[in-house]
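Step one of this worksheet: look at the structure below.
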Amino acid sequence: MKVVAESGWFAARPSGTESIYKIYAESFRGTDHLRRILEEAQTIVDDALAAAPQKAARAGSTLPGDHP
């Protein structure tokens, strides 16, 4: 899934090695805006997985400099 807006974007995809979804994002406004994009992306992915009839994976995202 990829969502593109005027001031940023995010993409979510299943991990090939873990039972999680990875979220990638970019903001054209800065770090605070990027955090908001990631928060909203997490909600969208979580809601989509909750509505899916299949076994759902958990979603994860990181910002540059974050450590798992």
Side-chain angles (χ1 to χ4, degrees):
M1 164 192 317
K2 184 171 185 178
V3 176
V4 179
E6 184 177 325
S7 58
W9 61 269
F10 81 86
R13 69 168 186 80
S15 170
T17 58
E18 300 174 86
S19 182
I20 63 170
Y21 270 71
K22 296 189 178 192
I23 298 174
Y24 302 90
E26 180 179 20
S27 168
F28 308 128
R29 293 185 186 170
T31 304
D32 289 337
H33 184 246
L34 176 58
R35 287 186 193 281
R36 287 195 309 272
I37 290 173
L38 287 169
E39 289 170 4
E40 291 181 24
Q42 183 77 53
T43 299
I44 291 167
V45 171
D46 287 345
D47 289 349
L49 291 175
Q54 61 202 15
K55 183 174 103 176
R58 60 188 173 88
S61 62
T62 59
L63 288 173
D66 286 352
H67 299 287

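Bear in mind that the values here come from a model prediction, so they are computed numbers and not experimental data.
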Candidate list T43, V45, L49, test side-chain contact (heavy atoms from CB on, under 4.5 Å), partner D47, passing option: T43
Any side-chain heavy-atom pair of E40 and F10 under 4.5 Å: no
Spacing of NE2 belonging to H33 relative to CG belonging to L38, to within rounding of 0.5 Å: 10.5 Å
Atom pair CD1/CD of I44 and Q42 - distance to nearest 0.5 Å: 10.5 Å
Nearest-0.5 Å distance that lies between atom CG in L34 and atom CZ in F28: 10.5 Å
For M1 against A48, the heavy-atom pair lying closest together: CE-CB, 4.4 Å
